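Scroll down for the structure; my scribbles are underneath it.
Being a predicted model, the structure only gives us computed values, none of them experimental.
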Amino acid sequence: MCGWLLFIVCVACVPRAVVVFHRLLLRHRPLLLHTEHTHVQPRTQFRDVQLKMAALLVLYETAVGYGLFEVIETEEIGLELDAVQEATNDLARFGKVVKLKAFVPFRTSQDALENINQVSEGMLPDLLKDFLEQNLPKVKSKKKAEVQLGVSDHRIGSAIVDGLGFPCVHTGIVPELVRGIRRHFPKLLKSVKEANMSKAQQALAHSYSRAKVKFNVNRVDNMIIQAICLLDQLDKDVNTFSMRIREWYSYHFPELVKIVPDNKVYARLVAFIGRRTTLTEDSIEKLEELTMNSATAQQVYEASKTSMGMDISDIDLLSIDMFAKRVMSLSEYRQELHEYLQTKMHDVAPNLSALIGEAVGARLISHAGSLSNLAKYPASTVQILGAEKALFRALKTRGNTPKYGLIFHSTFIGRAAAKNKGRISRYLANKCSIASRIDCFSDNLPGSKFGDVLRDQVEERLNFYETGEAPRKNLDVMREVIATLPQQTPAKKTKRKAIDDDEDDDDAETPQPKSGKKKKKKSRASEGGEASAAATPSTDKKKKKKKRKSTSEA
């Protein structure tokens with residue numbers, strides 16, 4: 001009886017113990033999983049980092065050649081970046097981090113210049129390619145590579161990956177290693193002295209800068225840029241000086257300001273009149289020459305007799321006279337500079353200047369940086385060129401964007417109605433883009449025929465907005481201009497024809513070996529044709545015999 005009771009108790013308690021153990025396992029499962037991930041996985045990650053950093057080579061380009069360095073101490077590098085930054089300041093510590101593995105010098109200074117030009121443009125020079133092929137380990141796959149090459153620029157790294165298939169890296173610890181190598185390179189490479197290294201760097205820097213600075217004599221748009229900038233500055237200076245001379249001379253002759261509004265004429269009159277009491281009836285003729293108006297000259301003479309200005313000393317009058325002559329000289333120089341700008345624009349961009357004017361065209365070139373940059377811009381960019389601040393302000397405030405920039409100074413925008421200013425500015429920008437591309441990318445085009453026709457198209461568009469008359473299509477207009485252009489001289493064509501004729505004569509005189517083969521083929525074909533013709537009647541006779549037999553049997 002007791003045995004049965006013990007059996008029943010055990011059977012009843014075992015399921016209870018199983019349930020309790022299961023509940024404990026579910027309660028502590030997140031803790032067990034957390035300890036598994038926090039302790040096991042970071043160790044494996046750190047081990048992978050150490051393996052990756054254990055095999056690292058660094059490429060360093062200098063003015064004397066290429067150097068390949070091998071990273072020695074990997075634990076310090078893998079643990080923290082600050083340790084490497086501190087090690088770069090001390091040669092003894094940094095010498096334990098990296099070690100020079102191989103070095104190849106440049107043969108000549110010209111060779112160094114060619115290599116540095118290719119490296120700066122992201123290309124792989126042949127010398128560097130051979131150097132890396134000899135000193136880098138062979139890699140079957142970039143993903144499975146145990147060695148990485150550290151480079152200072154990602155472009156040369158991309159070129160190495162494409163050319164050699166070797167994995168490259170330019171981030172992480174590599175920039176600090178390159179900085180330390182650059183600082184201690186003369187001491188790490190004992191075969192080259194530090195003084196010779198600095199001389200080589202200076203010579204290569206001069207050669208590289210001299211090669212990069214290029215000047216094209218045919219496209220002197222730089223002169224146009226400087227001329228238009230100086231012209232704008234002169235306009236501001238002449239206006240400022242004219243205001244100053246008006247205020248200064250008004251103490252002596254205040255009535256002259258209202259009679260003569262032009263600044264240039266005013267400076268001439270100040271230099272001629274001097275003291276107003278010296279004017280007589282004989283000086284009226286000279287005043288007419290200066291003002292180009294007899295009525296204005298008479299008003300100046302009459303106002304000088306009844307002026308309310310104060311008397312002025314000779315020293316002050318001399319200063320005013322010198323300043324007036326200086327303003328006159330600046331005005332004359334401004335006129336000469338404007339003529340110079342016109343001639344330059346007619347030489348460099350004749351179609352653009354014919355379309356929109358010399359001053360506005362020069363401002364567009366100056367704002368774009370060059371004629372080639374302006375030619376590469378789309379018409380939408382040319383339209384708002386010079387109104388960048390208003391554009392970004394409108395985009396920021398979500399307002400209306402500007403309709404025009406520098407092309408607003410053109411006469412077409414002013415002549416258009418208020419509702420058509422945006423439309424005509426868009427159309428004018430389109431024509432300016434076409435004209436600039438013709439001027440930039442075409443050679444030996446006579447005059448400004450395309451620019452004149454494009455200007456006529458803008459005139460027709462203005463007329464279309466007012467009267468509704470349809471303008472001509474751009475394709476038809478361009479075909480008309482191309483038809484009017486002088487044809488190319490047929491000298492080259494006649495020479496080519498003469499050469500062809502001579503070759504034909506030589507071919508007729510000299511026997512060709514292929515002609516015999518062709519004749520044989522023709523003879524064989526003719527024989528085959530005769531044989532086939534001879535065989536045709538026999539086949540016809542056979543057919544007739546077969547028909548007769550079939551009819552007789554029937």
Side-chain angles (χ1 to χ4, degrees), residues 56-71 84 88 91 94 97-137 139 142 147-217 219 222 369-370 372-373:
L56 178 64
L57 301 175
V58 180
L59 175 65
Y60 181 64
E61 307 91 2
T62 64
V64 294
Y66 298 110
L68 189 63
F69 290 84
E70 182 180 2
V71 180
V84 182
T88 54
L91 178 61
F94 190 74
V97 177
V98 296
K99 179 182 178 181
L100 181 63
K101 182 179 181 181
F103 178 78
V104 56
F106 296 127
R107 291 183 288 271
T108 59
S109 59
Q110 186 65 26
D111 190 15
L113 180 60
E114 293 176 359
N115 278 266
I116 199 64
N117 284 328
Q118 293 181 6
V119 170
S120 63
E121 294 175 1
M123 301 171 61
L124 184 62
D126 296 335
L127 180 62
L128 179 58
K129 185 177 180 180
D130 298 338
F131 173 67
L132 294 177
E133 287 178 350
Q134 294 176 2
N135 296 279
L136 290 179
V139 176
K142 291 185 288 184
V147 182
Q148 289 182 341
L149 179 64
V151 293
S152 57
D153 191 3
H154 67 93
R155 294 180 298 176
I156 188 63
S158 301
I160 293 172
V161 171
D162 296 338
L164 300 177
F166 199 87
C168 297
V169 61
H170 67 281
T171 57
I173 204 70
V174 175
E176 296 299 328
L177 293 174
V178 172
R179 186 171 66 88
I181 293 171
R182 186 185 301 111
R183 183 172 184 176
H184 304 292
F185 183 75
K187 296 178 181 178
L188 294 174
L189 184 65
K190 299 179 181 179
S191 60
V192 180
K193 296 182 180 179
E194 188 172 0
N196 297 334
M197 180 72 67
S198 61
K199 291 180 181 179
Q201 291 176 353
Q202 186 177 6
L204 183 59
H206 290 171
S207 301
Y208 180 75
S209 302
R210 194 181 301 113
K212 286 296 180 182
V213 177
K214 297 178 182 178
F215 180 74
N216 191 356
V217 181
R219 300 292 184 183
N222 293 327
S370 64
S372 60
N373 291 343

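Listed by first and then second residue, the ring pair (Phe, Tyr, Trp, His ring centres under 6.0 Å) pairs that reach into residues 101-122 are Tyr66-Phe106, sequence neighbours excluded. Among residue pairs with one or both ends in residues 172-207, those qualifying as ring pair (Phe, Tyr, Trp, His ring centres under 6.0 Å) are Tyr60-Phe185, Phe94-His184; sequence neighbours excluded.
When the shell of 6.0 Å around CG of Asp126 is examined, it contains 12 or fewer heavy atoms from other residues, nucleotides or ligands. Atom NZ of Lys99 has 12 or fewer heavy atoms from other residues, nucleotides or ligands within 6.0 Å.
Looking at residues two or more places apart in sequence or on another chain, you find a side chain to side chain contact (heavy atoms under 4.5 Å, CB included) between Leu204 and Ala63, Ala112, Leu113, Ile116. Ser198 meets the side chain to side chain donor-acceptor pair (under 3.5 Å) test with no other residue; sequence neighbours excluded. Judged as a salt bridge (Lys or Arg N to Asp or Glu O under 4.0 Å), and not counting sequence neighbours, Asp130 has no contacts. Considering only residues two or more places apart in sequence or on other chains, Arg182 meets the salt bridge (Lys or Arg N to Asp or Glu O under 4.0 Å) condition with none of them.
For the pair Leu136/Val147, no side-chain contact is recorded, criterion being any heavy-atom separation below 4.5 Å from C-beta on. You'll find the side chain of Pro125 stays beyond 4.5 Å of the side chain of Glu114, heavy atoms only. A heavy-atom distance below 4.5 Å is found between the side chains of Leu188 and Phe69. Looking at Leu128 and Leu59, their side chains come closer than 4.5 Å, going by heavy atoms from C-beta outward. In this structure the side chain of Val71 never reaches within 4.5 angstrom of the side chain of Ile173, judged on heavy atoms. Counting heavy atoms from C-beta on, the side chains of Asp162 and Leu124 never come closer than 4.5 Å. A 4.5 Å side-chain heavy-atom check between Val58 and Val98 finds every atom pair outside the cut-off. When side chains are defined from C-beta on, Val97 counts as touching Leu177, because their heavy atoms get closer than 4.5 Å.
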task: Carefully, step by step, assess Asp111 and Thr108 under the rule side chain to side chain donor-acceptor pair (under 3.5 Å).
output: CA-CA 5 Å; Asp111 190 15; Thr108 59; 5.2 Å; no
Residues Leu127, Arg107; criterion side chain to side chain contact (heavy atoms under 4.5 Å, CB included); working and verdict: CA-CA 10 Å; Leu127 180 62; Arg107 291 183 288 271; 4.2 Å; yes
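Remark: the backbone N or O of Ser120 is paired with a side-chain donor or acceptor of Arg155 at under 3.5 angstrom. Side chain of Lys187 to backbone of Leu91: no donor-acceptor contact under 3.5 angstrom is found.
To the nearest 0.5 Å, the span separating SG on Cys168 from CG on Asp153 amounts to 11.5 Å. Rounded to the nearest 0.5 angstrom, Leu100 CG and Ile181 CD1 are separated by 9.0 Å. Atom CE of Met197 is separated from atom OG1 of Thr62 by 5.5 Å, given to the nearest 0.5 angstrom. Taking CG from Asn115 and CD from Gln110, the interatomic distance works out to 10.5 Å, rounded to the nearest 0.5 Å. Distance CE/Met123 to OG/Ser158: 14.0 Å, rounded to 0.5 Å.
When all heavy atoms of Val151 and Gly157 are compared, the pair lying nearest together is CG2-CA, 3.9 Å. Residues Leu164 and Lys129 come closest through the heavy atom pair CD2-CG, 3.8 Å. Across all non-hydrogen atoms, the minimal contact from Pro137 to Leu57 is CD-CD1, 4.4 Å. Here the closest non-hydrogen pair linking Leu56 and Gly150 is CD1-N, 4.2 Å.
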